[in-house]
Amino acid sequence: MAQEILQVTPLPTFMMQMLQQGDYVVHDHTHIKDPGALSKVTALVGTGASKVDKKLLMMLPNVKLIAICGVGYDGVDMAAVKEKKIVVTHTPGVLTDDVADLAFGLVLSIGRRIPQADKFVRNGDWVDDAFMLTHKVSGARLGLVGMGRIGRAIAKRASAFDMPIAYASRTPKADLPYRFYDNVPALAAEVDYLVVAVPGSDDTHHLIDTEVLMALGQKGYLINMARGSVVNQPALVQALKDKVIAGAALDVFWDEPMVDPELRRLANVVLTPHIASATVETRHAMAALTMQNLQAFYDKAVLPTPVPECQ
Ligand code: NAP
């Protein structure tokens with residue numbers, strides 16, 4: 001019998017094909033007002049942008065799985081999930097390299113001003129002038145906020161650039177040689193590039209605030225790969241305008257996909273549209289792992305990658 005699922009975000013075409021081949025009936029938001037259809041839904045599927053709150057779950061009495069095609073699941077109301085005895089899965093690991101690659105691309109982009117240099121050539125400005133001098137990345141000090149899968153992969157790349165590495169996380173990592181800080185302002189004060197790679201949560205909300213930005217200082221760069229909620233964005237915009245920090249490279253935003261026009265106008269930023277895991281290879285791997293989680297759930301087998309709270 002075909003299983004009925006509800007997609008809570010748009011899904012890539014290749015994933016829709018995988019679902020159709022797997023004989024799933026896929027409902028979307030247009031069915032949200034049809035209680036007949038909703039009562040047949042037993043699983044939700046969506047990307048890391050999924051918003052699943054208590055109100056939605058109350059409309060879906062038979063949902064027992066939320067399969068997130070992404071590692072972050074901060075849009076899922078975990079208290080409501082626990083109350084309804086629903087299991088949540090995600091796709092850790094398969095996207096780590098891509099996210100670390102983009103993080104490092106952003107470190108190079110903001111330090112060496114690669115997008116601005118590209119624009120300089122395209123505009124024909126080179127004819128009249130030489131491009132500004134930028135800042136050396138090799139050997140500069142790198143700070144990581146979060147030393148999980150992605151933090152470790154970024155550190156590995158930074159090591160190849162001879163960058164001294166330090167980090168802040170909830171707990172020190174005994175297997176790593178890098179310097180540990182138990183608070184983010186102290187870490188920020190000691191580094192040139194501060195890269196954020198923590199989950200979005202109540203605990204990490206506005207972890208990067210004015211105090212951190214002041215500690216990072218006039219020569220420091222902020223790179224956010226995590227979630228928009230982790231950075232106090234108005235405080236960041238002010239700090240960039242006042243040159244409290246040298247610049248920022250951001251893949252995630254509080255107000256994505258709109259993005260504050262003031263931020264978009266600034267010259268000392270590099271902005272990417274939440275694309276850290278967006279390669280053909282990785283998005284296929286994420287979709288395949290999501291399908292494995294769905295299949296295991298309906299087969300009553302062990303779920304490959306439940307989120308930590310559901311393990
Ligand atoms: P992970 O392996 O679970 O690592 C998370 C790290 O964050 C851990 O080191 C953890 O510390 C630390 N942390 C958690 N809460 C903290 C707090 N309050 N203060 C300081 N550190 C804290 O996760 P991951 O796979 O590396 O992914 C990290 C996040 O990256 C995801 O949750 C997602 O939001 C984001 N992400 C973004 C994109 C994108 O497209 N831009 C793509 C993928 C992932 P402990 O080790 O001490 O517990």
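Both ligands and their constituent atoms are indexed starting at 1 by order of listing.
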Would you mind checking which non-hydrogen protein atom is closest to [atom], with the distance to 0.1 Å?
atom                    : value
atom 3 (O) of ligand 1  : Arg149 NH2, 3.5 Å
atom 35 (C) of ligand 1 : Ala226 O, 3.7 Å
atom 44 (C) of ligand 1 : Val71 CG1, 3.1 Å
atom 9 (O) of ligand 1  : Met147 N, 2.9 Å
atom 10 (C) of ligand 1 : Arg170 NH2, 4.0 Å
atom 5 (C) of ligand 1  : Pro199 CD, 3.7 Å
atom 46 (O) of ligand 1 : Lys173 NZ, 2.5 Å

Pair [X]-[Y], side-chain donor/acceptor within less than 3.5 Å:
X      : Y      : result
Thr89  : Tyr73  : no
Asp251 : Thr272 : yes
Asp28  : Thr30  : yes
Asn232 : Thr210 : no

Decide whether an N or O pair under 3.5 Å exists between [X] and ligand 1.
X      : result
Thr204 : no
Ile150 : yes
His274 : yes
Val145 : no
Val252 : no
Gly148 : yes

State, to 0.1 Å, how close [X] and [Y] come at their nearest heavy-atom pair, and which atoms those are.
X      : Y      : value
Gly111 : Thr134 : O-CB, 3.4 Å
Ala267 : Gln116 : O-NE2, 3.0 Å
Leu236 : Ala248 : CD1-CB, 4.3 Å

- Counting each atom of ligand 1 from 1 as listed, which ones have a heavy atom of Val99 under 4.0 Å away?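 Near Val99, the atoms of ligand 1 are 42 (C), 43 (C).
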- Hey, which atoms in ligand 1 end up nearer than 4.0 Å to a heavy atom of Asp203?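 Here the atoms of ligand 1 in question are 18 (N).
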- Determine, considering heavy atoms only, which of Ser169, Ala153, Ala49, Gly70 sits nearest to atom 20 (C) of ligand 1.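 Selected option, by shortest heavy-atom distance: Ser169.
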- Taking the minimum heavy-atom distance to atom 34 (O) of ligand 1, which of Met286, His205, Arg227 ranks first?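 The option holding the nearest heavy atom is Arg227.
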- Message: Yes or no: does Arg152 have any heavy atom under 4.0 Å from an atom of ligand 1?
- Response: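 In this structure, Arg152 fails to qualify as a contact of ligand 1 - no heavy atom is under 4.0 Å.
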Applying a 4.0 Å heavy-atom criterion (strictly less than), which segment of [X] is in contact with ligand 1: side chain, backbone, both, or neither?
X      : answer
Thr171 : both
Val198 : both
Met225 : backbone
Ala197 : backbone

- Message: Distance check, rounded to the nearest 0.5 Å: Arg113 atom CZ versus Leu108 atom CG?
- Response: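 Nearest 0.5 Å value for the CZ-CG distance: 14.0 Å.
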- Message: Please check this pair: side chain of Ser201 against backbone of Thr204, looking for a donor-acceptor N/O pair closer than 3.5 Å.
- Response: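 Yes, because the side chain of Ser201 sits within donor-acceptor range (under 3.5 Å) of the backbone of Thr204.
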- Query: Just by modelled atom types, is the Ala226 backbone N or O under 3.5 Å from a matching donor or acceptor in the Asn224 side chain?
  - Reply: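 Pair found, side chain donor or acceptor close to backbone of Ala226.
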- Message: Determine whether the aromatic ring centres of residues Tyr167 and Phe180 are separated by less than 6.0 angstrom.
- Response: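 Ring-ring flag for Phe180/Tyr167: true, centres closer than 6.0 Å.
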- Task: Any salt bridge (Lys or Arg N to Asp or Glu O under 4.0 Å) involving residues 226-246? Give me the pairs, sequence neighbours left out, ordered by first then second residue.
- Result: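 Matches after skipping sequence neighbours: Asp74-Arg227, Lys241-Glu262.
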- Task: List, by chain and then residue number, the residues other than Val302 in its hydrophobic cluster (Ile/Leu/Val/Met/Phe/Trp/Tyr, side-chain heavy atoms under 4.5 Å); write none if there are no others.
- Result: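 Grouped by the 4.5 Å side-chain rule, Val302 forms a cluster of one, so the answer is none.
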